[in-house]
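Contents: one structure, followed by commentary.
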Amino acid sequence: MNHEAFQDQLDDYVDGALSGAERAAMEAHAAACAPCAASLAQLRALLGLAQQLPPGAAPERDLWTALRERLVAAEPEALRPGAAPASRWWARVWRPAVGVAAAAAAVVFLALCAWLSQRGPREAAVDTAAPRLESTPATAETAVLTPTLVAALARECMGAGRILQASMESRNDPADEALTHSLTAGIEVVDQSIAETVAALEKNPGNVSLLKLVTLRYQQKLALLHSAMEIVEEV
Amino acid sequence: MRCTTRKRWSNPLALELVAGACLAALWAGSADARAVDERRPAAADARISVKNVNGTITVEGWSKKEVQVTGTIGEDVEELVIEGSESRLRIEVELPHRGHNSDTDADLQIKVPTGAEVQVDVVNCPIDVTKVDGTVELESVNGNVTVTGEPASVTASTVNGRISLTVSSKQVEAHTVNGRILLDGVSGDVSAATVGGSIEVSGGPFERGEFQTVSGDVDFTGALQGSGSFDFQAHSGDVILTLPANLSAEFDISTFSGDIDNAFGPSRPERKSKYGPGKELYFQTGGGKARVSINTFSGDVRLIKK
């Protein structure tokens with residue numbers, strides 16, 4: 001078995017959908033190939049994280065906080081709040097938050113995508129690398145998961161947005177006015193698009209194409225917020 | 001070698017004199033800007049990097065193997081650094097680290113060898129680049145970005161501002177949050193993304209394209225090369241493609257609530273599944289070599305024959 005074949009069958013392997021011989025071939029390859037073994041471990045970890053989300057409703061547990069704790073624990077000492085001051089005053093507020101927010105968002109997003117791709121039909125996966133709308137019937141599970149996915153992504157955006165807003169406000173620099181205005185305007189445009197898509201999704205629960213769209217829009221908003229954080233840090 | 005255009009505050013007498021001068025300037029209604037006129041030898045393909053916070057940056061290619069920096073820098077500019085070698089030159093406007101500085105504008109006109117590779121990184125500052133044939137990379141936070149000429153490739157981004165590229169480059173990338181993107185004469189591999197602005201593209205032939213907006217329209221005119229891949233995405237903006245009548249392409253179009261108007265073939269989109277997009281249209285024309293994917297949420301899709 002080569003890397004490509006391993007990667008092709010990875011989803012089915014973790015789903016337990018392979019035959020005995022196929023499973024044995026996968027295990028033999030993973031035992032001899034460190035990168036493929038790492039891929040397998042990563043996918044299992046993401047699935048484990050995603051499975052902590054209760055289906056059908058927004059999770060009661062605060063993912064943001066839980067992930068933040070976990071990620072801060074893994075963060076280098078210098079990036080933690082209270083560590084030695086950074087060269088710029090706002091970086092002390094900003095840098096750890098950026099790292100945590102970005103990483104948390106990425107983990108949640110990947111976990112949710114992985115979850116969807118594992119639990120639903122293959123076509124229902126949110127393909128972030130090449131987003132395409134597909135006319136794929138939703139499974140009952142996909143329909144149930146929609147609010148969970150949306151809620152988790154919305155929370156990530158809210159967290160990142162709050163941090164950005166606090167940072168901009170604490171700077172209180174008149175020179176930031178144009179930048180603040182621009183970023184706010186951009187985020188409002190994306191927010192509007194999210195609101196429209198979510199409204200459509202509420203009327204069409206389980207519509208995979210809308211689910212993909214709303215996921216992409218949230219991802220776009222997160223990217224915008226993180227870019228804004230980087231800009232604020234640099235300016 | 002560093003430029004000598006630098007403020008020195010170590011002498012208390014000088015400080016008092018400058019303070020007095022500033023008061024006088026304020027009284028007169030403006031602070032004194034300092035003139036800049038510097039030259040450095042540079043290789044024909046030198047890499048020139050420019051950094052500025054406030055003001056304007058204009059870069060122009062010329063036939064000399066030399067870099068010339070002229071213009072003015074504000075009274076509160078700490079230093080204009082010009083250093084490096086003939087093959088790699090750094091031009092950087094440095095501001096004081098502390099204090100509120102009101103006159104930090106640097107308006108610089110920079111001439112570089114035509115074949116130079118130019119990199120500009122600014123904050124509140126428009127960028128204008130002309131007659132440069134090398135690679136051009138431009139980044140602003142707040143300001144328009146304009147390029148004309150024949151650069152090998154252009155990468156331009158700004159948070160707030162228009163990006164206008166009238167270039168014959170075969171590799172172009174443009175990103176903005178708020179602002180239009182205008183790409184004229186481009187060809188080859190082109191990508192553009194904006195949140196609140198529109199994208200207008202004309203030129204070709206295009207080998208690959210990727211265009212994304214949220215609320216703005218995409219207006220694309222040009223020929224698609226066979227086997228090329230083209231992706232258009234908009235949320236509420238319309239996607240309008242004006243393409244040659246003898247086009248060879250395969251189209252995969254979907255929209256949730258927009259309309260599809262197709263001059264190349266079937267015009268009646270279908271809804272294949274209640275879980276899928278509102279309207280879908282798949283068709284081939286002329287053998288279907290290029291692959292075109294168009295997705296919108298509420299924006300209309302129009303395919304027009306040129």
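These numbers come from a predicted model, not from an experiment. Note that these values count all heavy atoms, side chains included, but never hydrogens, waters or copies made by symmetry. Reminder, nothing fancy here: chain letters follow the sequence lines and each chain counts from 1.
The shortest heavy-atom contact between B/Val177 and A/Gly186 is CG1-CA, 3.6 Å. Taking every heavy atom of both residues into account, B/Thr213 and A/Arg217 meet most closely at O-NH2, 4.5 Å.
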Working for side-chain contact (heavy atoms from CB on, under 4.5 Å), residues B/His235 and A/Leu213: CA-CA 9 Å; B/His235 179 81; A/Leu213 274 182; 5.7 Å; no
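Around atom CZ of B/Arg47, more than 12 heavy atoms belonging to other residues, nucleotides or ligands sit under 6.0 Å away.
For A/Glu196, the parts lying under 4.5 angstrom from a heavy atom of chain B are both the backbone and the side chain. When heavy atoms are compared at a cutoff of 4.5 Å, B/Ala234 approaches chain A solely by way of its backbone atoms N, CA, C and O.
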